[in-house]
Asks: 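One structure coming up, written as structure tokens, with questions to follow.
In the text below, chain A, chain B and the rest are named by the order of the sequence lines, each starting its count at 1.
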Protein chains: 2
Amino acid sequence: MSSTIKVLLAEDQSMVREALAALLGLEDDIEVVAQVARGDEVLPTAQQHDIDVALLDIEMPGCTGIEAAAQLHKALPAVKLVVLTTFGRPGYLRSAMEAGADAFLVKDAPAAQLAEAVRKVLAGERVIDPTLAAAALAEGANPLTDREREVLRAAADGSTNAELAAALHLSQGTVRNYLSTAIQKLAVRNRAEAVRIAREKGWL
Amino acid sequence: MSSTIKVLLAEDQSMVREALAALLGLEDDIEVVAQVARGDEVLPTAQQHDIDVALLDIEMPGCTGIEAAAQLHKALPAVKLVVLTTFGRPGYLRSAMEAGADAFLVKDAPAAQLAEAVRKVLAGERVIDPTLAAAALAEGANPLTDREREVLRAAADGSTNAELAAALHLSQGTVRNYLSTAIQKLAVRNRAEAVRIAREKGWL
DNA sequence: AGACCCGCATGACAGATGTCATGGGCAGAG
DNA sequence: CTCTGCCCATGACATCTGTCATGCGGGTCT
């Protein structure tokens, strides 16, 4: 708490990452002491930098920002976690909170909220968009089982049942059964819609 | 060329937009004189600001940065156009060039290239990632006809043939024929894959 | 132990989807 | 003017997909 707040910034797109660093650099009390472009570099980098706050994008190669948040929360519980994302998907918010995040920001919020969120989490506050929180609560938890999610995720690229069966070591009939139950749970008509809806909700 | 380069910045996500503005603000010779969050605000805003360069994100509500580029190119041909995008899709590059863009940057390029590109286009140079340019040339032009693209785009959300036929005022058989030819042109097995491939190439 | 949910499977059926042959109308290129 | 390509349509066919009934084994909760 002495002089400046030390921040680790994780975001895969260099231009965005460095731009966010420039933005935070304008604040006198905040200093970006490390930057990474991959989810799986977050924990190792955090361990050798003595940081106060980690700013994590969700969509990253290696592992997602949410998984990185969970790792940090376990290994370095003192570090505050701010999750940043392009998509305001309620399921993401829920997962982020379960992973121990202290703040959840969407990238189309005003830039001023970023520095503000960093200061607030360090003061022990939680920062969550109330509209998104309401949406997350309203739609309930992910209704899909692990297998259903797995099959749906594999089906997302347009694979045929036979390919899915081979890839997942299941019978074709089983693949169709899982997809069928997923389709019913999501109240849609076919796998393509199921994929779309599951994505929108952050359940995929 | 006098004192500073005047830039219009178009990008829908506030946080990213303001961060990019902060980044450009660090350069002594560049000044962001206007910011917009929608494609259809680009031209009107540009007309009342006397700008040198427009920095356009592709994915925006209202209209795409490529459409905005085409409008600017026609109405204010002196303004240099830098197109910025998350996705390095060859088809995007091709469309951007056809719309009169002077530079094409992907967001995972180093941040330093942004200011550099702004200066270069003003000096009359073109800035294009050579790898991407090669890819764009290698894969040729979009093989899909207008109708095929239209049907494929409409099918992307998981709509059924009947819904597509109704929405596009076509018969179901015609919808299936278009999808079938699109599927063959893209050398894939079903509409879902066709959608994915067309998206990846920037042909959708 | 019994009830219950999940994972996995099969078989049968209806409906959706992809392919193919075919043909008419219309525009632009040679 | 003919040729070609695109747009639109139909009908028939094979295959893929989604639904449903049913069953088995394993785990968990009471």
Side-chain angles (χ1 to χ4, degrees), chain A residues 91 94-95 98 139-204, chain B residues 91 94-95 98 139-204:
Chain A
R94 182 178 292 264
S95 315
E98 286 168 2
E139 86 180 4
N142 187 338
L144 303 174
T145 67
D146 287 347
R147 280 292 185 234
E148 285 159 4
R149 246 197 336 275
E150 198 177 341
V151 175
L152 203 53
R153 216 180 303 128
D157 66 355
S159 296
T160 171
N161 281 333
E163 291 166 344
L164 295 176
L168 302 171
H169 308 294
L170 294 174
S171 83
Q172 276 197 44
T174 303
V175 168
R176 290 197 283 162
N177 286 340
Y178 283 141
L179 286 173
S180 183
T181 58
I183 287 166
Q184 287 175 271
K185 284 180 180 176
L186 300 175
V188 295
R189 292 199 193 299
N190 53 49
R191 63 183 67 190
E193 275 192 339
V195 167
R196 187 170 59 85
I197 298 297
R199 276 228 183 90
E200 277 175 17
K201 305 244 183 182
W203 288 343
L204 216 160
Chain B
R94 184 178 290 263
S95 314
E98 285 168 4
E139 87 181 5
N142 187 341
L144 303 175
T145 69
D146 286 347
R147 279 290 183 239
E148 286 159 2
R149 245 197 339 274
E150 201 178 341
V151 175
L152 203 52
R153 216 180 303 128
D157 65 356
S159 297
T160 170
N161 281 333
E163 292 167 343
L164 295 175
L168 301 171
H169 308 294
L170 295 174
S171 84
Q172 276 197 44
T174 304
V175 168
R176 289 198 283 162
N177 286 342
Y178 282 142
L179 287 174
S180 184
T181 57
I183 286 166
Q184 287 174 268
K185 284 179 179 175
L186 300 176
V188 295
R189 294 201 192 295
N190 54 49
R191 61 183 69 190
E193 274 192 339
V195 167
R196 186 170 60 84
I197 297 299
R199 277 229 182 89
E200 277 174 19
K201 305 241 185 184
W203 288 343
L204 214 160

Asks: I'd like to know if the side chain of Asn142(A) reaches the main chain of Trp203(A), judged simply by a donor and an acceptor atom lying under 3.5 Å from each other, with no hydrogens or angles considered.
Replies: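 Yes; at least one donor-acceptor contact below 3.5 Å.
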Asks: Looking only at heavy atoms, what is the nearest atom pair of Ala155(B) and Leu179(B), with distance?
Replies: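 Taking Ala155(B) first and Leu179(B) second, the nearest heavy atoms are CB-CD2, 4.3 Å.
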Asks: dC6(C), OP1 or OP2 - any side-chain N/O from Arg147(A) closer than 4.0 Å?
Replies: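 No, no such contact exists.
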Asks: Just the rounded figure in Å: distance from P of dC6(D) to CD of Glu150(B).
Replies: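 Roughly 16 Å, once rounded to whole Å.
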Asks: Over how many whole Å does the gap from Leu164(B) atom CG to dG18(C) atom P extend?
Replies: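 Atom-to-atom, Leu164(B) to dG18(C), this comes out as 10 Å.
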Asks: Between C1' on dT17(D) and CZ on Arg191(B), what's the gap in Å once rounded to a whole number?
Replies: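 Atom CZ in Arg191(B) sits about 11 Å away from atom C1' in dT17(D).
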Asks: Look only at the side chain of Glu193(A) and the backbone of Arg189(A), and say whether a donor-acceptor pair between them is shorter than 3.5 Å.
Replies: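 Present.
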Asks: Rounded to whole angstrom units, what separation is found between the CD atom of Glu163(B) and the C1' atom of dT17(C)?
Replies: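 Checked: the CD to C1' distance equals 14 Å.
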Asks: Could you check whether any side-chain N or O of Thr160(A) sits under 3.5 Å from a backbone N or O of Glu163(A), counting only pairs where one atom can act as donor and the other as acceptor?
Replies: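 No, the answer is negative, given that no donor and acceptor are paired below the 3.5 Å cut-off.
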Asks: Just compare dC20(C), dT17(C), dC20(D) and give me whichever is closest to any side-chain atom of Gln184(A).
Replies: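 Between dC20(C), dT17(C), dC20(D), the one nearest the side chain of Gln184(A) would be dC20(D).
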Asks: So does Thr145(B) get a side-chain nitrogen or oxygen closer than 4.0 Å to the phosphate oxygens (OP1/OP2) of dG5(D)?
Replies: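 Answer is no, no contact under 4.0 Å.
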Asks: OP1 or OP2 of dG18(C) versus the side-chain N and O atoms of Arg189(B): is any pair under 4.0 Å?
Replies: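 Result: no.
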Asks: Mind listing the closest non-hydrogen atom pair of Ala165(B) and Ser171(B) along with its distance?
Replies: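 In terms of heavy atoms, the two residues are closest at CB-C, 3.9 Å.
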Asks: Find every protein N or O atom lying less than 3.5 Å from an N or O atom of nucleotides 11-13 of chain D, and list the pairs.
Replies:
none

Asks: Tell me: CZ of Arg149(A) to P of dG7(C), nearest whole Å?
Replies: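 One finds 10 Å between P of dG7(C) and CZ of Arg149(A), rounded.
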Asks: For Gly158(B) and Asn190(A), which heavy atoms make the closest approach, and how far apart are they?
Replies: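 Looking at all heavy atoms of both residues, the shortest contact is O-ND2, 2.9 Å.
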Asks: Applying side chain to side chain contact (heavy atoms under 4.5 Å, CB included) between Tyr178(A) and each of Leu152(A), Leu170(A), Leu168(A), report the one that passes.
Replies: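 Among Leu152(A), Leu170(A), Leu168(A), the one that satisfies the side chain to side chain contact (heavy atoms under 4.5 Å, CB included) with Tyr178(A) is Leu170(A).
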Asks: Measuring from the side chain of Ser180(A) (C-beta onward, heavy atoms only), which nucleotide among dG18(D), dT10(D), dC7(D) has the closest atom?
Replies: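 Among the listed nucleotides, the one closest to the side chain of Ser180(A) is dG18(D).
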Asks: Determine whether Asn161(B) and Arg191(B) satisfy the following criterion, side-chain contact (heavy atoms from CB on, under 4.5 Å), listing intermediate values before the conclusion.
Replies: CA-CA 11 Å; Asn161(B) 281 333; Arg191(B) 61 183 69 190; 2.8 Å; yes
Asks: Between P on dG18(C) and CD on Gln172(B), what's the gap in Å once rounded to a whole number?
Replies: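 Gln172(B) atom CD is separated from dG18(C) atom P by 12 Å.
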Asks: Using the 3.5 Å cut-off, write out each protein N or O paired with an N or O of nucleotides 25-30 of chain C and the distance between them.
Replies:
none

Asks: Out of dG18(D), dC20(D), dC8(D), which has the shortest distance to the side chain of Thr174(B)?
Replies: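 Output: dC8(D).
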Asks: Mind listing the closest non-hydrogen atom pair of Leu144(B) and Lys185(B) along with its distance?
Replies: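 Taking Leu144(B) first and Lys185(B) second, the nearest heavy atoms are CD2-CD, 4.2 Å.
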Asks: What is the distance, to the nearest angstrom, from the CG atom on Asn190(A) to the C1' atom on dG15(C)?
Replies: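 Going from CG in Asn190(A) over to C1' in dG15(C) covers 12 Å.
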Asks: Whether Glu150(B) and Arg147(B) form a salt bridge (side-chain N of Lys/Arg under 4.0 Å from carboxylate O of Asp/Glu) is what I want to check.
Replies: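 Salt bridge: yes.
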Asks: If I take atom CG in residue Leu144(A) and atom P in nucleotide dG7(C), what distance separates them, rounded to the nearest angstrom?
Replies: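 Result: 11 Å.
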Asks: Counting only side-chain N and O atoms of Asn161(B), is one of them less than 4.0 Å from OP1 or OP2 of dT17(C)?
Replies: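 For dT17(C), OP1/OP2 do have a side-chain N/O of Asn161(B) under 4.0 Å.
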Asks: Closest approach to the side chain of Tyr178(A), judged atom by atom: which nucleotide of dA9(C), dC8(C), dG18(D) is it?
Replies: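 My answer, after comparing the listed nucleotides, is dC8(C).
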